[in-house]
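Letters go in sequence order (proteins before strands), and every chain restarts at 1. Just so we're clear, the structure is a prediction, and the values are computed from it rather than from any experiment.
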Amino acid sequence: MKFYVCIKQVPDVNAPLQIKDGQLIQDSDRNILNAYDASAVEEALVLQETHGGEVNVVLIGPEKAKETLRKALAMGADTGTHILTGGNEEYDSYSYAKILAAFFKDKEVDYILCGKQSQDTDAGLTGSMLAELLGLPYTTNAVGLSKEEEQLLVKRQGDAGQEMILLPSPGLVTCSNDMNDPRIPSLKGIMQSKRKPVESIPITDLDADVSPGSSKTKVTGYEEKPKREPGKKYEGEPEEIAKQVAQLLDTAENVI
Amino acid sequence: MSTILTYISITDGKIKRSSLEVLSRCKELADQHGMESAALIISDNVSGAIDQLKKYGPSVLYTIEDPIFKNHLNTPLLRALSVAMEKISPKVLAFASTESSKDILGALAANQNAASLADVSEFELTDSGVKAKRPMMASKIISSVEATGSPVILTVRSGSYDLVEKTADTKVEDIPFSFSDNDLKMTLKEIVSATGDKVDLSEADTVVAAGRGVKDEVGRKLIDELASVLNAGIGASRALTEAGDYDPSLQIGQTGKVVSPQLYIAVGISGAIQHVAGITNSKIIVAINKDPDAPIFEIADYGLVGDLYKVLPPFIEELKKIKG
Ligand SMILES: Cc1cc2nc3c(=O)[nH]c(=O)nc-3n(C[C@H](O)[C@H](O)[C@H](O)COP(=O)(O)OP(=O)(O)OC[C@H]3O[C@@H](n4cnc5c(N)ncnc54)[C@H](O)[C@@H]3O)c2cc1C
Ligand SMILES: Nc1ncnc2c1ncn2[C@@H]1O[C@H](COP(=O)(O)O)[C@@H](O)[C@H]1O
């Protein structure tokens, strides 16, 4: 099977952040491979190990994001495509989906894998937008993938349970990080990644309208979520503190 | 008159409370702006839901009924939604945020060439569309966002709005729809570990959540007992859903579900930011953890420092007394 995994470089939610002049400021050296995309790469590699095929990764981002493409190659992906942006554009999910759609338009693919959401914005839109733009069948929030009768059997975490869906090729799947534990690149993997082919495509070479006026959503500001005040800590004899807190939940809080 | 349309999601024959929260909000907005609030049910059996929905004051209740909607499948749902959009041409289409609505939001927006906003915690109408707030950075940050054009399609986090009943003369209108299995494009082979009649976590008033500190059968029994005394939904951290100790649908947090109960009890959970992202809308948070420096204590209203195996039995005993 020929896989393309769409991967994104995102800020680490654990890194310190500041809001300044209406912008979110974070150290870009703490940027990482989106955790959901790491799981998508891992799953494609596992399928490749058992069934053969190809794993290609594609990333849209500025020059700096190349390190994330390298990381996926170091995990074991065969080739990388870097769709190069200037870095200051304010793209929303639809913009990314349009760029990816233009990239995939004349590609031969069995399955496109995306993350189920970006770890920083939690939007969760790009994957199904891309599927719609390409006219592909898709499933989201996959927690497991296997091959069955030349198709992908997707285990999807839905509202009513886990749906087992047989998805024909070409198709698109968005992946949860509940799927697997992505491998940490080995030293050998890192060395090999340096020799792997990476194609750079300037975004202007693609036929996608992502001009500043084109996007229908925009972020107008950020604020820190008000922190919850820590309450009281109860230390001491388990019997006593347990009793005390249970009673307070009843009498002081009226929540039981 | 222009319309604000609320999609009503039904699982196992029951209307999701979060859909009614969204319908309540849309009715309020419609009244403020001189617009019409309408609701849309797409289901294999719509009749059971109609009376309950009327209480929330929609002017029109659109229904699309077909056996294909017994289980969630995105192809027919998208088809039905675009038929409905064509007929109703709403300015806004709002969903409760569920796995099913998240599954189709992007595709529907692309299909309608519409702006979409996922998982908002507040929304308002503006002259040009919708403005909203949405949590990001694992809920550390709230972003203000604007979506322009018509329609704007959005999903709303559960617990964001209260239920408000309003009377209205509701007209029920069926939208004709047909779907051939040949157009499915994929095959749903089976649904495993259906959550059935268990408490829906995103709607539960009390949630007991287990983390890695709950390491064996004895611990899980204590969790069950605590939940049963409090009539609570059981949730878990990723550590335990990943280990297979709890069903993946019970995960609470950034990857899992967002909960907004009156009482949330975290047992043996460290309080990683991705877990906390799902629980900060709880009214009261109680944490039981043996590490006095565990980050969960920074957000807990009541922090019990101790071994859960020693704290839970007397805690459960006392709760039983209070309840009995
Ligand atoms: C993109 C992404 C998304 C994620 N999404 C989620 C999500 O949705 N939900 C989620 O939960 N996690 C999520 N995670 C994982 C998260 O970062 C943590 O790894 C996870 O929440 C840890 O679970 P835990 O608190 O149970 O385990 P640990 O962090 O190992 O904590 C166990 C705690 O139990 C305490 N303990 C141990 N023994 C006892 C005892 N006998 N009595 C009392 N206390 C005891 C310890 O002191 C410790 O604090 C996500 C991670 C990423 C990267
Ligand atoms: N800049 C990008 N480059 C490559 N893939 C992307 C990019 N942005 C989004 N994606 C894909 O879309 C998913 C996230 O979608 P969203 O949550 O809408 O941002 C990611 O997990 C990727 O698979």
Student: With a 4.5 Å heavy-atom cut-off, do A:Tyr91 and A:Ile99 have their side chains touching?
Tutor: yes

Student: What residue, out of A:Pro226, A:Gly127, A:Pro168, A:Ser118, has the most heavy-atom pairs lying under 4.5 Å from chain B?
Tutor: A:Pro168

Student: Go through the atoms of B:Leu78 and report whether side chain, backbone, both or neither lie under 4.5 Å from a heavy atom of chain A.
Tutor: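 Side chain only.
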
Student: At a heavy-atom separation under 4.5 Å, does B:Ile322 approach chain A through its side chain, its backbone, both, or neither?
Tutor: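 Contact with chain A: side chain only.
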
Student: Please output the residues of residues 21-38 of chain A in contact with chain B, using a heavy-atom cutoff of under 4.5 Å, in numerical order.
Tutor: A:Leu24, A:Gln26, A:Tyr36

Student: What residue in A:Arg156, A:Lys232, A:Gln119 has the most heavy-atom pairs under 4.5 Å with chain B?
Tutor: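 Counting heavy-atom pairs under 4.5 Å, the top option is A:Arg156.
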
Student: Does B:Lys189 come within less than 4.0 Å of A:Glu148, counting only side-chain N to carboxylate O?
Tutor: yes

Student: Report yes or no: is the cationic atom of A:Lys98 (NZ for Lys, CZ for Arg) under 6.0 Å from the centre of the six-membered ring of A:Tyr94, at an angle within 45° of the ring normal?
Tutor: yes

Student: Checking heavy atoms, do the side chain of A:Ser93, its backbone, both or neither come under 4.5 Å from chain B?
Tutor: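 Answer is neither: A:Ser93 stays 4.5 Å or more from chain B.
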
Student: Using heavy-atom distances under 4.5 Å, tell me whether B:Glu242 contacts chain A through its side chain, its backbone, both, or neither.
Tutor: side chain

Student: Flag the pair B:Lys14 and B:Asp200 as a salt bridge only when some basic side-chain nitrogen lies within less than 4.0 angstrom of an acidic carboxylate oxygen.
Tutor: no

Student: Check each atom of B:Glu317 against the heavy atoms of chain A and say whether the ones under 4.5 Å are side chain, backbone, both or neither.
Tutor: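 Neither part; nothing is under 4.5 Å.
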
Student: Who are the ring-ring contact (aromatic ring centres under 6.0 Å, His included) partners of B:Tyr309, not counting sequence neighbours?
Tutor: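 Applying ring-ring contact (aromatic ring centres under 6.0 Å, His included) to B:Tyr309 gives none.
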
Student: Do you see a donor-acceptor pair shorter than 3.5 Å between the side chains of A:Asp159 and B:His72?
Tutor: no

Student: Tell me which one of A:Ile83, A:Ile60, A:Leu100 satisfies side chain to side chain contact (heavy atoms under 4.5 Å, CB included) with A:Leu206.
Tutor: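 Among A:Ile83, A:Ile60, A:Leu100, the one that satisfies the side chain to side chain contact (heavy atoms under 4.5 Å, CB included) with A:Leu206 is A:Ile83.
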
Student: Side chain, backbone, both or neither: which part of A:Ala101 has a non-hydrogen atom closer than 4.5 Å to chain B?
Tutor: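 It is neither, since no heavy atom gets under 4.5 Å.
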
Student: Heavy-atom distance under 4.5 Å to chain B: side chain of A:Thr174, backbone, both or neither?
Tutor: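 Contact with chain B: none, neither part.
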
Student: Checking B:Ile104 against chain A: side chain, backbone, both or neither under 4.5 Å from a heavy atom?
Tutor: both

Student: For the interface with chain B, which of A:Thr126, A:Val245, A:Leu167 has the highest count of heavy-atom pairs at distances below 4.5 Å?
Tutor: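 Looking at each option in turn, the highest pair count goes to A:Val245.
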
Student: Give me the contact list for residues 289-296 of chain B versus chain A, heavy atoms only, anything under 4.5 Å, ordered by residue number.
Tutor: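 Residues in range: B:Pro292.
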
Student: A:Lys116 versus chain B, heavy atoms under 4.5 Å apart: side chain, backbone, both or neither?
Tutor: side chain

Student: Applying side chain to side chain donor-acceptor pair (under 3.5 Å) as the test, list every pair that has at least one member in residues 237-256 of chain A; sequence neighbours left out.
Tutor: A:Gln247-B:Glu318, A:Glu253-B:Tyr302

Student: Are more than 12 heavy atoms, taken from residues, nucleotides or ligands other than A:Lys2, located less than 6.0 Å from that residue's NZ atom?
Tutor: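 Counting other residues, nucleotides and ligands, NZ of A:Lys2 exceeds 12 neighbours.
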
Student: Among side-chain atoms of A:Glu132 and B:Asn111, is any donor-acceptor pair under 3.5 angstrom?
Tutor: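 Distance-only check passes for A:Glu132 and B:Asn111.
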
Student: Please look at A:Val219 and chain B and tell me whether the side chain, the backbone, both or neither of the residue comes under 4.5 angstrom of a heavy atom of that chain.
Tutor: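 Both parts, backbone and side chain.
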
Student: In terms of heavy-atom pairs under 4.5 Å, which option from A:Glu223, A:Glu235, A:Glu163, A:Lys227 contacts chain B the most?
Tutor: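 Highest number of pairs under 4.5 Å: A:Glu223.
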
Student: Quick check on B:Leu188 against chain A: is it the side chain, the backbone, both or neither that has a heavy atom closer than 4.5 Å?
Tutor: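 Looking at B:Leu188, backbone and side chain both touch chain A.
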
Student: Can you tell me which portion of A:Tyr222 sits under 4.5 Å from chain B's heavy atoms? Options are side chain, backbone, both or neither.
Tutor: both

Student: Below 4.5 Å from any heavy atom of chain B, which atoms of A:Asn177 appear? Answer side chain, backbone, both or neither.
Tutor: both

Student: Tell me, for A:Asp92 versus chain B, whether the close heavy atoms (under 4.5 Å) come from the side chain, the backbone, both or neither.
Tutor: neither

Student: Less than 4.5 Å to any heavy atom of chain A: does that hold for the side chain of B:Lys323, its backbone, both, or neither?
Tutor: side chain

Student: Can you tell me which portion of A:Leu130 sits under 4.5 Å from chain B's heavy atoms? Options are side chain, backbone, both or neither.
Tutor: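 Neither part, no heavy atoms under 4.5 Å.
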
